[in-house]
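Inspection log for the structure reproduced underneath, given as structure tokens.
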Amino acid sequence: MSILLPELKSSSVITRVNAGEPVLSARDMPYEAECIFNAGVVKYKNKYVMAFRNDYDYNGKGGFHKCFIGLAFSDDGIKWEVNKEPFLTAADIHDPDVTRVYDPRLTVIEDLCYLCFAVDTRHGVRGGIAVTKDLKSIEVLSLTAPDNRNMVLFPEKINGKYIRLERPFPVYSRGGIDRFDTWISFSPDLRYWGGTRLLLAVEDVPYANDKTGPGAPPIRTKAGWLTLFHSVDIDWTRGKNGWEEKWQKRYCAGIMLLDLNDPSKIIGLYKKPLIAPETRYETEEGYRTNVIFPGGMILEENGEVKIYYGASDTVECLAIANVDDLIALCLS
Ligand code: BMA
């Protein structure tokens with residue numbers, strides 16, 4: 001197959017903080033760590049809080065034996081102090097079927113901090129939702145049926161319902177290949193979910209041919225819910241990249257606007273990537289190259305938007321943009 005989408009560039013409204021150097025990586029960790037990435041970030045109790053994934057103990061064959069979720073705190077969203085202990089391990093889920101926990105996303109709703117995460121189990125991949133008041137102990141509220149992950153919660157109820165975005169993996173019905181889309185579901189209590197609808201299909205994104213999935217929890221703006229997602233294109237001519245024998249996918253960050261009162265309606269979608277892999281950390285170094293995986297977005301009072309993303313499944317990076325520029329892209 002020929003190269004389908006050779007040239008993808010980040011939008012010029014984006015500026016990479018620290019000239020693209022990571023804001024958090026394995027060298028900042030107080031414990032054994034190899035890959036620090038795919039973080040969720042919120043402001044909670046006057047601090048920036050980051051929950052990140054730590055994969056370590058490489059198995060020599062394209063994977064890691066161990067993985068947990070760690071926590072870091074910051075006063076400015078740029079310099080981070082890491083908690084000495086892991087925040088959430090597979091054992092903390094108290095389900096013997098769970099083997100790994102990863103890809104955290106954080107949302108504050110009415111003064112409580114919610115954590116969405118993925119778990120690998122012996123019977124499939126599931127998406128979890130947990131709540132914490134103190135960022136020490138957590139209560140797991142729900143786990144989806146397999147296979148599902150990449151869940152994010154909206155920061156407020158809409159029409160009396162909690163809302164989440166999610167990414168099931170329907171392998172039979174989409175032709176036996178990756179062809180995975182972003183869905184939206186509703187809940188009265190964060191435990192029971194329904195009303196599920198398709199939100200963003202692969203074919204809706206001009207630069208994707210493989211999958212789309214939720215990125216950071218959406219943020220409220222006057223124009224609509226500003227919503228990041230990840231998009232994936234695959235090219236079978238891509239060969240060895242990073243540490244793996246073969247890695248033929250590319251992940252970009254995309255952006256769209258959802259209707260404030262009915263977020264199952266897309267009211268604007270930028271037709272090109274917001275962030276495409278370009279820097280050394282994003283394209284050359286790391287475990288898997290060419291992966292931008294956005295998981296946190298914060299709107300500051302001055303209109304600056306901080307976008308946190310995992311780069312190459314190895315480090316955590318930060319880009320900034322102005323909220324009006326992001327809205328304009330979605331409506332262009
Ligand atoms: C996805 C998830 C992410 C990861 C990405 C790229 O399917 O596993 O955690 O960042 O692949 O490897």
Side-chain angles (χ1 to χ4, degrees), residues 8 22 24-26 34-40 50-56 58-59 61-64 66-70 88 90 98-106 115-121 124-128 144 146-152 165-171 174 177-183 202 208-216 228-235 238 240-254 273 275-277 281-283 285-296 307-317:
L8 292 181
L24 205 71
S25 69
E34 221 145 349
C35 295
I36 299 295
F37 63 112
N38 293 4
M50 179 187 284
F52 56 83
R53 165 177 176 178
N54 174 20
D55 284 30
Y56 62 105
Y58 189 59
N59 66 13
K61 295 181 287 197
F64 293 84
K66 296 185 185 142
C67 177
F68 62 76
I69 293 174
L88 190 69
V98 171
T99 55
R100 288 160 65 81
V101 53
Y102 56 97
D103 285 2
R105 262 68 159 216
L106 295 172
L115 175 79
C116 293
F117 53 93
V119 290
D120 290 346
T121 80
V125 178
R126 306 176 70 185
T144 64
D147 276 339
N148 198 343
R149 69 177 166 204
N150 288 310
M151 281 153 38
V152 302
L165 306 181
E166 59 195 322
R167 220 290 306 287
F169 328 1
V171 285
R174 291 285 269 154
I177 51 165
D178 284 9
R179 196 75 186 164
F180 307 149
D181 314 296
T182 302
W183 294 70
V202 175
N209 66 6
D210 187 63
K211 32 186 180 171
T212 71
L228 286 171
F229 58 89
H230 67 257
S231 75
V232 184
D233 71 277
I234 191 156
D235 178 343
R238 291 182 192 134
K240 180 158 173 58
N241 270 306
W243 306 354
E244 284 179 299
E245 271 318 300
K246 269 192 184 161
W247 177 244
Q248 292 160 324
K249 294 176 185 168
R250 168 173 48 189
Y251 280 63
C252 295
I275 310 177
Y281 282 99
E282 296 161 6
T283 60
E285 300 207 345
Y287 169 56
R288 282 180 169 162
T289 50
N290 295 320
V291 179
I292 302 283
F293 201 82
I307 297 171
Y308 295 87
Y309 60 96
S312 294
D313 284 5
T314 305
V315 295
E316 187 67 20
C317 293

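In each ligand, atom 1 is the first atom listed, and ligand 1 is the first ligand listed. Atom set for the values below is all heavy atoms of this structure, side chains included, hydrogens, waters and symmetry mates excluded. As the structure is a prediction and not an experimental result, all values here were calculated from the model.
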Interfacing atoms of ligand 1 (cut-off 4.0 Å, heavy-atom, Lys211):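 Result: 7 (O).
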Parallel, tilted or perpendicular: ring planes of Tyr58 versus Tyr287, cut at 30 and 60 degrees: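 Tyr58 vs Tyr287 ring planes: perpendicular.
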Side chain to side chain, [X] and [Y], heavy atoms closer than 4.5 Å:
| X | Y | answer |
| --- | --- | --- |
| Arg126 | Val98 | no |
| Cys252 | Pro277 | yes |
| Ile234 | Asp178 | no |
| Glu285 | Ser312 | no |

Can you tell me which portion of [X] lies within the under-4.0 Å heavy-atom range of ligand 1? Options are side chain, backbone, both, or neither.
| X | result |
| --- | --- |
| Arg53 | side chain |
| Tyr251 | side chain |
| His230 | neither |
| Tyr309 | neither |

Which residue and heavy atom of the protein sit nearest [atom], plus the separation:
| atom | answer |
| --- | --- |
| atom 9 (O) of ligand 1 | Asp103 OD2, 2.6 Å |
| atom 10 (O) of ligand 1 | Asp313 OD1, 2.7 Å |
| atom 8 (O) of ligand 1 | Arg149 NH2, 3.7 Å |

Ligand 1 contact by Phe169, heavy-atom criterion under 4.0 angstrom: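 The answer is no: ligand 1 sits nowhere under 4.0 Å from a heavy atom of Phe169.
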Sole residue of Arg53, Arg167, Arg149 in salt bridge (charged side-chain N to carboxylate O under 4.0 Å, His left out) with Asp103: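 The option that passes is Arg53.
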Evaluation steps, side-chain contact (heavy atoms from CB on, under 4.5 Å), between Trp243 and Asp313: CA-CA 11 Å; Trp243 306 354; Asp313 284 5; over 6 Å; no
